Amino acid sequence: MLKRRSSPYGVGRVRGDWWKWKIEPLEIDAVLLYAQAGHGRRAGLHSDYTLGVWHDGRLVPVAKAYSGLADAEIVELDRIVRATTLDRHGPVRVVQPTQVFQLAFEGISRSTRHKAGVAVRFPRIVRWRREKTPPEAGTLADLLRMIDLGKVDAAADPEAVP
């Protein structure tokens, strides 16, 4: 957010002296690993997804995404989730890793709180990559390269900004 120094802080949507500067999101192809039923009008559908990338020959979870698919796609994916469920852990279904999605996010940083060692900021699904197979998805090395290239999340790690 950019703000004119002389502009006061206000309530609601401030216009004129405030400008939301949107950056191009970072992207990677990731594989659906887990699904969970949504809330509200999506309560009966699996619409909350955990996506992973490759590391040392296995898929590791790197993001949870709750948006980006059209309603018809959510219904279609719900059928796939139900048909490919391998295991259940409470409300979470572990699925066969067959579906690839393009994942967009605003920033990335190293993290000791996440098993993969990285945290992505504001992840969302951009599109369903039906033409891709899971082996064609991205890798943890791809994400780490984004950090090394300075595409970090300054809000999460102000010291990491180049």
Side-chain angles (χ1 to χ4, degrees), residues 20 22-158 160-161:
K20 189 170 189 175
K22 295 188 179 188
I23 60 170
E24 282 294 316
L26 302 170
E27 296 179 342
I28 195 162
D29 289 332
V31 179
L32 177 64
L33 302 176
Y34 312 113
Q36 186 172 343
H39 298 86
R41 67 183 185 92
R42 294 182 174 171
L45 298 169
H46 294 90
S47 63
D48 297 1
Y49 311 112
T50 301
L51 302 159
V53 295
W54 293 101
H55 179 63
D56 291 338
R58 63 185 181 87
L59 289 163
V60 294
V62 293
K64 289 189 175 189
Y66 308 96
S67 64
L69 296 178
D71 289 344
E73 290 175 317
I74 292 170
V75 170
E76 181 181 354
L77 188 54
D78 180 72
R79 283 192 215 109
I80 293 169
V81 166
R82 293 173 191 275
T84 63
T85 296
L86 299 172
D87 198 5
R88 290 184 188 194
H89 301 283
V92 178
R93 289 181 182 236
V94 179
V95 298
Q96 291 175 4
T98 60
Q99 304 303 312
V100 179
F101 296 90
Q102 185 175 349
L103 184 68
F105 45 96
E106 299 306 315
I108 183 169
S109 60
R110 293 186 190 275
S111 170
T112 57
R113 293 181 52 208
H114 298 84
K115 288 181 184 179
V118 297
V120 296
R121 189 164 171 85
F122 303 123
R124 69 239 179 234
I125 293 171
V126 176
R127 68 183 173 124
W128 195 339
R129 299 298 303 263
R130 298 172 193 262
E131 77 283 3
K132 286 201 168 192
T133 62
E136 297 174 276
T139 67
L140 186 58
D142 295 334
L143 291 174
L144 292 172
R145 207 167 9 264
M146 289 178 193
I147 295 171
D148 293 341
L149 292 173
K151 298 178 181 208
V152 297
D153 178 6
D157 187 2
V161 177

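Computed from a prediction, not measured in an experiment: that's the story for all the values here.
One distance of note links OG1 of T85 with CG of D87; it measures 9.5 Å at 0.5 Å rounding. Here CD of E27 is found 15.0 Å from CZ of F101. Values are rounded to the nearest 0.5 Å. The CG atom of L103 sits 11.5 Å away from atom CG of L32, with the distance rounded to the nearest 0.5 Å.
Between W128 and Q99, the side chains place a donor N or O and an acceptor N or O closer than 3.5 Å (distance only, hydrogens not considered).
Contact record, L51 with A65: CD1-CB, 4.2 Å, taken as the closest heavy-atom pair. The two residues G38 and S47 come nearest to each other via the heavy atoms CA-OG, 3.4 Å. In terms of heavy atoms, V60 sits closest to A116 at CG2-CB, 4.2 Å. Of all heavy-atom pairs between H46 and V81, the closest is CG-CG1, 3.9 Å. Taking all atoms of both residues into account, the shortest heavy-atom contact from P97 to L33 is CB-CD2, 4.5 Å. Nearest heavy-atom pair across T139 and V53 is C-CG2, 3.8 Å.
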Worked verdict on E76 versus R130 for salt bridge (charged side-chain N to carboxylate O under 4.0 Å, His left out)
CA-CA 12 Å; E76 181 181 354; R130 298 172 193 262; 2.9 Å; yes
Checking V62 against K115 for the side chain to side chain contact (heavy atoms under 4.5 Å, CB included) test, could you report, in this order, the C-alpha distance in whole Å, the side-chain angles of both residues, the deciding distance, and whether it holds?
CA-CA 8 Å; V62 293; K115 288 181 184 179; over 6 Å; no
Apply salt bridge (charged side-chain N to carboxylate O under 4.0 Å, His left out) to D142 and R145, showing your working.
CA-CA 5 Å; D142 295 334; R145 207 167 9 264; 2.6 Å; yes
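Residues Y34 and D48 fail the side-chain proximity criterion, which asks for heavy atoms closer than 4.5 Å. Contact check for L77 versus R79: no side-chain heavy atoms found under the 4.5 Å cut-off. Using a 4.5 Å cut-off on side-chain heavy atoms (C-beta onward), R88 and V94 make no contact. Residues L59 and W54 are in side-chain contact: their nearest non-hydrogen atoms beyond the backbone lie under 4.5 Å apart. I74 places a side-chain heavy atom less than 4.5 Å from the side chain of Y49. Residues R121 and I108 are not in side-chain contact: their nearest non-hydrogen atoms beyond the backbone lie 4.5 Å or more apart. When side chains are defined from C-beta on, L143 counts as touching F105, because their heavy atoms get closer than 4.5 Å.
A salt bridge does not link D78 to R93: none of the charged side-chain nitrogens sits closer than 4.0 Å to a carboxylate oxygen. The pair D29-K132 meets the salt-bridge criterion, since a charged nitrogen lies less than 4.0 angstrom from a carboxylate oxygen. Salt-bridge formation is detected for the pair R124/E106: a Lys NZ or Arg NE/NH1/NH2 atom is positioned less than 4.0 Å from an Asp or Glu carboxylate oxygen.
Atom CD of E24 is surrounded by 12 or fewer heavy atoms from other residues, nucleotides or ligands within 6.0 Å.
Under the 3.5 Å distance criterion, the side-chain polar atoms of S111 are matched with a main-chain donor or acceptor of R113.
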